[in-house]
**Q** 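Supplied in structure tokens, the structure appears directly below.
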Amino acid sequence: MEKIIEVLADRKLIPIAEKVFSGERLSFEDGLTLFNSFDLPVLGLLGNYVAEKKNGEFAYFNVNVHITPTNICIGTCKFCAFRKKKGEEGAYELTVEEILKKLKGYREQNPGLTEVHIVGGLHPEWGYDEYVGIVRAVKENFPDIHIKAYTAEEIKYIAGKGKKSIDETLKDLIEAGLGSIPGGGGEILREEIRKKICPDKISGEEYIEIHKTAHRLGLRSNATMLFGHIESYADRVDHLLRLREAQDETGGFQTFIPLAFHPLNTEIPGAAYTTGVDELKTIAVSRLLLDNFPHIKAYWIMLGEKIAQVALRFGADDIDGTVTEEDITQAAGAKAGEYMPKSRLIKLIKEAGKIPVERDTLYNVIKIYD
Ligand code: V47
């Protein structure tokens, strides 16, 4: 074994491995060293070591659907291929009745459905009551389905429409039936990059502040990082450490989801698809730096089922769900499809040597497939 290490291992990883095994927190420099290493076996081993320390051999999935009420958006994010202007070809907006009808159909298609993920555009004509009303109508009609809805960006927009504070807006959404907040809108938190890829979006500080406010009100949320566009490794490490600091304060984040950038129809100069090595590295480094996040998600829609499966041996312990309808990545050239039956999720997890666990949104165990 020592011979293998002597001959093969990237020596720069040895002090980091020692820290990981003794449970010592990694630094900014450690994060950079990890990203700069090509020693995938060691990155995978370390990521998987931490994942198994936290979650044993369990790997989670859920039965969920996404509904995107509108693609009409006043946003200007350059990585987004999904948004349309009102009146533009392909622009749509669903009525509450249409949303409920879709959800009814999706529930029939997905027995045991526990979660609906609702995010969409910043619609210029929708007001506070429209956004809150969607949550209320879904909850009234499907009381047993958890509503994970509205990114930090949307929450700020809704609050602005109602001339209310973030705190008041979240309280109203909770009263209407909101169960948790998805991680969308994180992109890259560093302002220099945000200015280039999403100049009109909330700042990185606001993103974190909105999540912290949600946590203080008892909501759980996820965090994301959009990687593989114009950001550097230093930007990624900075992003991860800011999230780690916020989590030290509130403990309200459940899952971190690195989102692989998809380039089609976007306005990012020189845009290209991410590669397998970078995707797996990012999963492993996320797991190693975010020592206070319970879960790391390998979102199969963006990673593809093969890399998502391998990611389960690099530090991820969650592969997301059945999904059914997904529009944001599809518009930007997704290759993985948008529906995965439960049986396939279970097979991917089992063949990664993990124990599949069907969970609800808050990681309560529904069934273990041992
Ligand atoms: O914030 C937009 C990203 C996010 C592109 O919390 C793109 O459980 C890749 O956050 N290529 C929304 N990504 C999706 C999201 C999410 C998805 C699944 C689960 C959860 C969760 C959250 O999609 C946006 C943005 O970062 N995105 N355009 C693109 N071209």
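It should be emphasised that the depicted structure is a prediction, and the values quoted were computed from it without experimental measurement.
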**Q** Does the K54 side chain pair with the main chain of D291, one donor and one acceptor, at a distance under 3.5 Å?
**A** yes

**Q** With sequence neighbours excluded, tell me which residues meet salt bridge (charged side-chain N to carboxylate O under 4.0 Å, His left out) with R136.
**A** E175

**Q** I'd like to check the salt bridge (charged side-chain N to carboxylate O under 4.0 Å, His left out) partners of D167; sequence neighbours left out, ordered by chain and number.
**A** K171

**Q** Can you check whether R244 reaches F293 side chain to side chain, under 4.5 Å on heavy atoms?
**A** no

**Q** Do the non-hydrogen side-chain atoms of Y233 and K281 ever get within less than 4.5 Å of each other?
**A** yes

**Q** Might you point out which heavy atoms bring V135 and I147 nearest each other, and give the distance in Å?
**A** O-CD1, 3.6 Å

**Q** Under a plain distance cut-off of 3.5 Å, with no hydrogens placed, do S27 and D30 share a side-chain donor-acceptor pair?
**A** yes

**Q** With a 4.0 Å cut-off on N to O distance, would you call E52 and K354 a salt bridge?
**A** yes

**Q** Looking at the rings of H262 and Y273, which for Trp means the six-membered one, are their centres under 6.0 Å apart?
**A** yes

**Q** With a 4.0 Å cut-off on N to O distance, would you call R25 and D248 a salt bridge?
**A** yes

**Q** Among residues at least two apart in sequence or on other chains, which ones pass salt bridge (charged side-chain N to carboxylate O under 4.0 Å, His left out) with E108?
**A** K104

**Q** Do V65 and L113 pass the side-chain contact (heavy atoms from CB on, under 4.5 Å) test, and can you show the C-alpha distance, the side-chain angles, and the key distance before you say yes or no?
**A** CA-CA 8 Å; V65 295; L113 179 70; 3.7 Å; yes

**Q** Side chain to side chain contact (heavy atoms under 4.5 Å, CB included) with R194: which residues, sequence neighbours excluded?
**A** E187, L189, E191, C198, K201, I202

**Q** Would you indicate whether the side-chain heavy atoms of H211 and Q247 approach each other to under 4.5 Å?
**A** no

**Q** Which atom pair, heavy atoms only, marks the closest approach of T213 to L170?
**A** CG2-CD1, 4.1 Å

**Q** Which heavy-atom pair separates P199 from I197 by the least distance, and what is that distance?
**A** CD-C, 3.7 Å

**Q** Between K335 (side chain) and L303 (backbone), is there a donor-acceptor pair under 3.5 Å?
**A** no

**Q** Check for me, please, whether I14 and F35 land in the same ILVMFWY cluster - side-chain distances under 4.5 Å, paths through other members count.
**A** no

**Q** Would you say that I307 contacts F314 through its side chain, given a criterion of any heavy-atom pair below 4.5 Å between the two side chains?
**A** no

**Q** Between E89 and K84 (salt bridge meaning N to carboxylate O under 4.0 Å), is one present in this structure?
**A** no

**Q** For Y339 and T324, which heavy atoms make the closest approach, and how far apart are they?
**A** CD1-OG1, 3.7 Å

**Q** Looking at F253 versus H215, is the centre-to-centre ring distance below 6.0 Å?
**A** yes

**Q** Between N64 and V323, is any pair of side-chain heavy atoms under 4.5 Å apart?
**A** yes

**Q** With a 3.5 Å distance limit and no angle check, can you tell me whether S37 reaches the backbone of L34 through a side-chain donor-acceptor pair?
**A** no

**Q** E325: which residues meet the salt bridge (charged side-chain N to carboxylate O under 4.0 Å, His left out) condition with it, sequence neighbours left out?
**A** K102

**Q** Donor-acceptor pair, distance only, cut-off 3.5 Å: does the side chain of D10 make one with the backbone of D39?
**A** no

**Q** Is the shortest distance from a Lys or Arg side-chain nitrogen in D172 or K164 to a carboxylate oxygen in the other one below 4.0 Å?
**A** yes

**Q** Do E115 and N62 pass the side-chain hydrogen bond (donor to acceptor under 3.5 Å, both in side chains) test, and can you show the C-alpha distance, the side-chain angles, and the key distance before you say yes or no?
**A** CA-CA 8 Å; E115 171 189 289; N62 70 348; 3.1 Å; yes

**Q** Quick one: does N48's side chain have a donor or acceptor within less than 3.5 Å of a partner on G44's backbone?
**A** no

**Q** In terms of heavy-atom contacts, does NZ of K161 have more than 12 from other residues, nucleotides or ligands at under 6.0 Å?
**A** yes

**Q** What donor-acceptor contacts under 3.5 angstrom involve side-chain atoms of residues 362-370, with partners at least two apart or in another chain?
**A**
{"from": "Y363", "atom 1": "OH", "to": "T255", "atom 2": "OG1", "distance (Å)": "2.7"}
{"from": "Y363", "atom 1": "OH", "to": "D318", "atom 2": "OD2", "distance (Å)": "2.5"}
{"from": "N364", "atom 1": "ND2", "to": "D360", "atom 2": "OD1", "distance (Å)": "3.4"}
{"from": "N364", "atom 1": "ND2", "to": "D360", "atom 2": "OD2", "distance (Å)": "2.9"}
{"from": "Y369", "atom 1": "OH", "to": "K342", "atom 2": "NZ", "distance (Å)": "3.2"}
{"from": "Y369", "atom 1": "OH", "to": "E358", "atom 2": "OE1", "distance (Å)": "2.7"}

**Q** Counting only heavy atoms not in K212, do more than 12 fall under 6.0 Å of its NZ?
**A** yes

**Q** Has the side chain of E326 got a donor or acceptor atom that lies under 3.5 Å from a matching backbone atom of Q330?
**A** yes

**Q** Counting distance only, does the side-chain N/O of E267 pair as donor-acceptor with the main-chain N or O of T76 below 3.5 Å?
**A** no

**Q** Can you check side-chain hydrogen bond (donor to acceptor under 3.5 Å, both in side chains) on E154 and T151, steps first, answer last?
**A** CA-CA 5 Å; E154 287 168 295; T151 64; 3.2 Å; yes

**Q** Angle class for the W126/H123 ring planes (parallel below 30°, perpendicular above 60°, tilted otherwise)?
**A** parallel

**Q** Quick one: are I328 and C80 in side-chain contact, heavy atoms under 4.5 Å?
**A** no

**Q** Hydrophobic clusters here meaning ILVMFWY residues chained together by side-chain heavy-atom distances under 4.5 Å, can you tell me if F58 and L345 are in one?
**A** no

**Q** Which atom pair, heavy atoms only, marks the closest approach of A176 to V132?
**A** CB-CG1, 3.8 Å

**Q** Closer than 3.5 angstrom, by distance alone: can the side chain of N265 be matched with the main-chain N or O of A331 as a donor-acceptor pair?
**A** yes

**Q** Does a side-chain heavy-atom distance below 4.5 Å link M225 with T282?
**A** yes

**Q** Report yes or no: does Y106 contribute a side-chain atom to a donor-acceptor pair with the main-chain N or O of V116 at less than 3.5 Å?
**A** no

**Q** So, for L43 and A284, which heavy atoms are closest and what is the spacing to 0.1 Å?
**A** O-CB, 3.6 Å

**Q** Output, in order, the C-alpha distance, side-chain angles, deciding distance and verdict of side-chain contact (heavy atoms from CB on, under 4.5 Å) for F79 and H229.
**A** CA-CA 8 Å; F79 52 76; H229 40 91; 6.0 Å; no

**Q** Side chains of I268 and P263: does their closest heavy-atom pair fall under 4.5 Å?
**A** no

**Q** Taking it one step at a time, do T70 and L94 satisfy side-chain contact (heavy atoms from CB on, under 4.5 Å)?
**A** CA-CA 6 Å; T70 181; L94 301 178; over 6 Å; no

**Q** Evaluate the ring planes of H66 and H117, with Trp represented by its six-membered ring, and classify them as parallel (under 30°), tilted (30 to 60°) or perpendicular (over 60°).
**A** parallel

**Q** Is the shortest side-chain N to carboxylate O distance from E231 to R190 below 4.0 Å?
**A** no

**Q** Please confirm whether R107 makes a cation-pi placement over F142, using NZ or CZ under 6.0 Å from the six-membered ring centre and within 45° of the ring normal.
**A** no

**Q** side-chain contact (heavy atoms from CB on, under 4.5 Å) between F61 and I346: does it pass, once the steps are laid out?
**A** CA-CA 8 Å; F61 71 94; I346 292 171; 3.8 Å; yes

**Q** Are K297 and Y60 in a cation-pi contact, defined as NZ or CZ under 6.0 Å from the six-membered ring centre and within 45° of the axis?
**A** no

